[in-house]
Amino acid sequence: MRAIRRFIVQPVLPGPLKALGELATNLRWSWNLDTRALFADIDPVLWDEVGHDPFRLLARVPSDRLDILANDKRFVRRLELTVADLDEYMTGDLWFQEWSREHPEAPAAIGYFSAEFGITKVLPQYSGGLGILAGDHLKAASDNGVPIIGVGLFYRHGYFRQSLNAQGWQQERYPVLDANEMPVKLLRDGDDPVLISVSIFGNEVKAQIWVVQVGRVPLLMLDTDIDANPGHLRGTTDQLYGGDQDHRLAQEVLLGVGGVRALREYCRVTGYPTPEVYHANEGHAGFLGLERIREYMEAGDDFDTALERTRAANVFTTHTPVPAGIDRFGLDRVRDQFNGFGPLPIDRVLDLGRETYEGGDPGVYNMAVLGFRAGQRANGVSELHGEVSREMFRGLWPRFAAAEVPIGSVTNGVHHRTWIHPEMLELMKPRVGETGPQIHDGYDWSALDRVDDQTLWSAKRHMRTAMIDMARTRLKASYASRGLSSDWVDDALDPNVLTFGFARRGASYKRLTLMLTDPERLKKLLNDPATPIQIVIAGKAHPADNVGKGLIQQMVQFADQEDVRGKIVFLPDYDISLARPLYPGCDVWMNNPLRPLEACGTSGMKAALNGAANLSVRDGWWDEWYDPRFGWEIPSAEGITDSGARDAQEAEFLYDIIETEIIPKFYTRDSHGLPTGWLRMMRDTIQILGPKVLASRMVNDYVEQLYTPAAVSSRKVQGQAAVDLAGWKRRVRESWPKVEVRRVESGITGRVAVGAEIAVAAWVDLDGLSADDIEVQLVVGPVDADDWMHDLQSYPMILDGVNERGISHFSVSIPAKDPGSWGWTVRAVPKNELLSGDVEMGLAAVAPGE
């Protein structure tokens, strides 16, 4: 007989152990080694059985064991010290508190919206890189004291669990998640759960709010599976990235609109400062902009004023370098959803997301376009991705060069306390009283230079062995579920063999099977009697991606072959619990996407922090931080248009590097049997590259480059200033079609000497605008063979006067600085101190000939 409801019976913690409950419900335990060790010592066997989950441990630990611990003075003292450490962590001054004393303009709070958050395996609300990045963002914000509030959804089935059938085809299952078995608490106002309400396709959908404490950072997760909703609406938050387009649209409305309302309720109930900045992590959360506009309009603003106030405080991060990765909805469905959304005029709502640019589809609502139009600041997630994004979205700013498109970049980072193996962290502990620039984020990033080769190599072997133990356990379970023999698994992998790792989503552009291009050559590498390699692979394909599933099946069937079995393995159900031992256990991390389709690719960062070399196409973060000291570059054959030929060429590069460079470096040993050259690479990777790839650096970049400027803009664009800005923009847009650079003059001849003065004059028709409304610029840059300028430099021109026909005369004189072939032009752009830059409005009048 099946139960219709479940409940949890928990033991009552004795008085001296009450604080264990506080420790278990703050997810700082997931990256704090002392807290984890404390829970492990409660019952080591049970700790392993519950998957290192403190909340489940406390639900199952026998009462007599708790009584023993309550009378154990040493354990109670450890508990008191651990709680005191958490209290100090939660209340003490950290990086942000010190930084904001010097920068009082820093925001009081930031709302961070994401469709998924990967914090710990006990809260499976993530699918892959985007969620792990969001989780690391919150953890690093907590470690740095940045006042962020996370906002997401609570999916009752999370993302799918992956298994394989006998033929190696991916199988999905969606276990039900019970919030009562998780370290989450309902937001309550007194005794009553707080509910928010959102209209979705004409139905009033209510959601309760689960609060997850991630160190100092609260994470709010909206849940529609409540009795207050009819059955068909309760499933709005059923699965991450599940359902059809309407279901996805409903989830994104709940995340954006409902998320803002949840923030308001949380701040009201708790007294937490109201966010001054709103960060949409990908387009899934873009509708938060519409809700904020609605709030301002309900308070009396007109649409344009409300939009300007909203834009000033909104930050948008795009994570995809391909149009297919962007959420796009039919315009009619968005119209159905937002028609009658408070006082917002539906045509203006649609205009914010409509693809009204060359090459776009005006019948489609694009969530990235909404993010850009409803936010004043935007970024990609690596320098290369920023370049790709500027080119990809330049249609929104058609009169400007791609390099001028206002999309910056903040390269992703990873949370080192989560991803570095404890043994490696131990080696990096600073000496007592030691200070210096090499010590930050709690560790000495130069420490490995004082660690002898034998100790470092022994640590790496321990990490490799731990990974292999994990892999064998998973292989046994996988082969049993596939109905296949696992007799060979006890001998799978070898802790002394050069180990490669490859783990990522099964998307075709990531090219999981590139290494299988020449299977016999790969087998030779795997089976070499003197210098073998071994490869550990993991990854999930989206349930609807049969191409990706086919790639996984191809890899699994190759790994099943008897002559390579146990030397190349596929581990199903890639998640945090698999990833944490996988990265430290690998010597080389492989990544071979089709350049430039990898926005960032943080898995290689996690491996690098554990001393693994990267073997990667120069895409994402590896493009900007590649160095031969940290690994190898797989040349990208982008000039080959035939995909098969390109794959074959890049596979050839891959094999050659492994055979001629990686294997000799790893297996060349000194008289003590140590790979000294390899150990030098490990040291350099951790010590030099390590500090660059940290999530703490990433979060600080967001604070300094995006959050604080957004807070400053938000404070300026208030009250009458917001009204004036909206009116000014209307006036400029109305006049701009007639703004014209009529004529330019210059004494520049074909050749000028370095240092010579270049004088340029221009006559500009302002069509009723004043010279204060625009900036006329001389734009200069090196030119290519087609006269296209690059690396543009702009110089404001000075108003000299207005002639009798109302045409304004501007001029400027600049020195010729550098030799080479240069070009120039003159343009006019809107000018207002409340704009984020020249390009914000997308308007420019360029001299004739352009």
| field | Straight-line distance of I132 CD1 to D136 CG, nearest 0.5 Å | value | 7.0 Å
| Beyond-backbone contact of P596 with E387, side-chain heavy atoms, under 4.5 angstrom | no
| query | Looking only at heavy atoms, which two atoms of K510 and R505 are closest? And how far apart? | reply | CD-O, 3.4 Å
| Would you call the rings of W99 and H103 parallel, tilted or perpendicular, where under 30° means parallel and over 60° means perpendicular? | parallel
| Between D619 and E598, which heavy-atom pair has the shortest distance, and what is it? | OD2-N, 2.8 Å
| field | Any donor-acceptor N/O pair, T499 side chain to P495 backbone, under 3.5 Å | value | no
| note | Closest non-hydrogen contact found for N592 with V617 is CA-CG2, 3.9 Å
| Can L615 and I658 be said to form a side-chain contact (heavy atoms from CB on, under 4.5 Å), step by step? | CA-CA 9 Å; L615 170 61; I658 293 173; 3.9 Å; yes
| Heavy-atom side-chain contact between W625 and N614 under 4.5 Å | no
| note | By side-chain contact (heavy atoms from CB on, under 4.5 Å), R28 pairs with (sequence neighbours left out) N26, W31, N32, D85, L86, Y89
| message | I'd like to check V699 versus F96 (side-chain heavy atoms, cut-off strictly below 4.5 Å). Are they in contact? | response | no
| said: Working note: E423 + H462, criterion side-chain hydrogen bond (donor to acceptor under 3.5 Å, both in side chains); need CA distance, chi angles, decisive distance, verdict. | reply: CA-CA 9 Å; E423 191 164 350; H462 292 163; 3.0 Å; yes
| With sequence neighbours excluded, residues passing side-chain contact (heavy atoms from CB on, under 4.5 Å) with T120 | L27, W29, S30, V122, L123
| task | Please determine if R521 and E659 form a salt bridge, counting it only when a charged side-chain N lies under 4.0 Å from a carboxylate O. | result | yes
| query | Could you state the interatomic distance from CZ (R390) to OG (S409), rounded to the nearest 0.5 Å? | reply | 6.5 Å
| Rounded distance (nearest 0.5 Å) linking atom CD of Q649 with atom CD1 of I634 | 12.0 Å
| Residues D143, R417: salt bridge by 4.0 Å N-O rule | yes
| task | May I ask you to check whether Y702 and H279 place their ring centers less than 6.0 Å from one another? | result | yes
| said: Could you tell me if K606 sits above the aromatic ring of W419, with its cationic atom closer than 6.0 Å to the ring centre and no more than 45 degrees from the axis? | reply: yes
| request: With side-chain contact (heavy atoms from CB on, under 4.5 Å) as the test, would you mind laying out the steps for M515 and M555 before giving the verdict? | output: CA-CA 9 Å; M515 68 184 82; M555 179 57 70; 3.9 Å; yes
| request: Would you check if the side chain of T660 reaches a backbone N or O of D656 as a donor-acceptor pair within less than 3.5 Å? | output: yes
| Is it true that a side-chain atom of R216 and a backbone atom of V146 form a donor plus acceptor pair closer than 3.5 Å? | no
| request: Take R565 and D560, measure what side-chain contact (heavy atoms from CB on, under 4.5 Å) needs, and give me the verdict at the end. | output: CA-CA 6 Å; R565 194 171 61 190; D560 281 344; 5.8 Å; no
| message | I need the minimum non-hydrogen distance between A503 and S603, along with the two atoms involved. | response | O-OG, 4.1 Å
| Would you say the side chains of T317 and N281 form a donor-acceptor pair under 3.5 Å? | no
| task | Indicate yes or no for a side-chain donor-acceptor contact from Q534 to the backbone of I568 under 3.5 Å, with no hydrogens or angles considered. | result | no
| Test: K524 and E520 ion pair at under 4.0 Å | no
| said: Main chain of T676, side chain of D670: is a donor-acceptor contact present, judged purely on distance under 3.5 Å? | reply: no
| query | Between Y443 and W445, what is the ring plane arrangement, given parallel below 30°, perpendicular above 60°, and tilted in between? | reply | perpendicular
| message | Quick one, S382 and E624 - any side-chain contact, counting heavy atoms below 4.5 Å? | response | yes
| query | How far apart are the C-alpha atoms of D441 and S696, what are their side-chain angles, what is the distance that settles it, and do they pass the side-chain hydrogen bond (donor to acceptor under 3.5 Å, both in side chains) test? | reply | CA-CA 8 Å; D441 298 296; S696 57; 3.0 Å; yes
| Of all pairs that satisfy ring-ring contact (aromatic ring centres under 6.0 Å, His included), the ones with a partner from residues 489-531, not counting sequence neighbours | none
| message | Quick check: closest heavy atoms across D41 and R78, and the distance to 0.1 Å? | response | OD2-NH1, 2.7 Å
| request: Output yes when a side-chain donor or acceptor of T668 lies under 3.5 Å from a complementary backbone atom of P664, and no otherwise. | output: yes
| note | When every non-hydrogen atom of T517 is compared with those of P519, the smallest separation belongs to O-CD, 3.5 Å
| message | Between L493 and V569, is there a side-chain heavy-atom distance shorter than 4.5 Å? | response | yes
| note | One should read off an interatomic distance between R697 CZ and N144 CG, to the nearest 0.5 angstrom, of 11.5 Å
| field | Candidate pair L609 and I686, rule side-chain contact (heavy atoms from CB on, under 4.5 Å), full reasoning | value | CA-CA 5 Å; L609 286 176; I686 294 172; 5.8 Å; no
| note | So CD1 of I537 and CG of L571: to nearest 0.5 Å the spacing works out to 9.0 Å
| request: Could you tell me the separation between the OG atom of S616 and the CD atom of E633, rounded to the nearest 0.5 Å? | output: 9.0 Å
| said: Contact between Y583 and M605 at the side-chain level, heavy atoms closer than 4.5 Å - yes or no? | reply: no
| Pair D453 + R683: basic N to acidic O under 4.0 Å | yes
| said: Apply salt bridge (Lys or Arg N to Asp or Glu O under 4.0 Å) to residues D587 and R464 and explain how you reach the verdict. | reply: CA-CA 8 Å; D587 301 294; R464 202 183 297 117; 2.8 Å; yes
| task | For side-chain hydrogen bond (donor to acceptor under 3.5 Å, both in side chains), just list the numbers for Y667 and D528, CA-CA rounded to whole Å, side-chain angles, deciding distance to a tenth of an Å, and then say yes or no. | result | CA-CA 12 Å; Y667 283 109; D528 189 287; over 6 Å; no
| field | Residues D573, K540: salt bridge by 4.0 Å N-O rule | value | yes
| query | Should W622 and F630 count as side-chain neighbours, where that means a heavy-atom distance under 4.5 Å? | reply | yes
| query | Charged N to carboxylate O below 4.0 Å: is that the case for R431 and D444? | reply | no
| request: Determine yes or no for a side-chain-to-main-chain donor-acceptor pair under 3.5 angstrom, with H385 supplying the side chain and T320 the backbone. | output: yes
| said: Does this structure show an ion pair linking D627 with R618, if we count only N-O contacts that are shorter than 4.0 Å? | reply: no
| request: For the pair S114 (side chain) and E116 (backbone), establish whether a donor and an acceptor sit closer than 3.5 Å, ignoring hydrogens and angles. | output: yes
| Is a side-chain donor or acceptor of Y126 paired with a backbone partner of L133 at a separation under 3.5 angstrom? | no
| request: State, with a plain yes or no, whether a side-chain heavy atom of L578 is found less than 4.5 Å away from one of I576. | output: no
| Would you say D93's side chain and Q97's backbone share a donor-acceptor pair under 3.5 angstrom? | no
| Salt-bridged, D563 to K523, with N to O below 4.0 Å? | yes
| Can R646 and D642 be counted as an ion pair, charged N to O under 4.0 angstrom? | no
| Pairing of D623 and R595 as salt bridge, 4.0 angstrom limit | yes
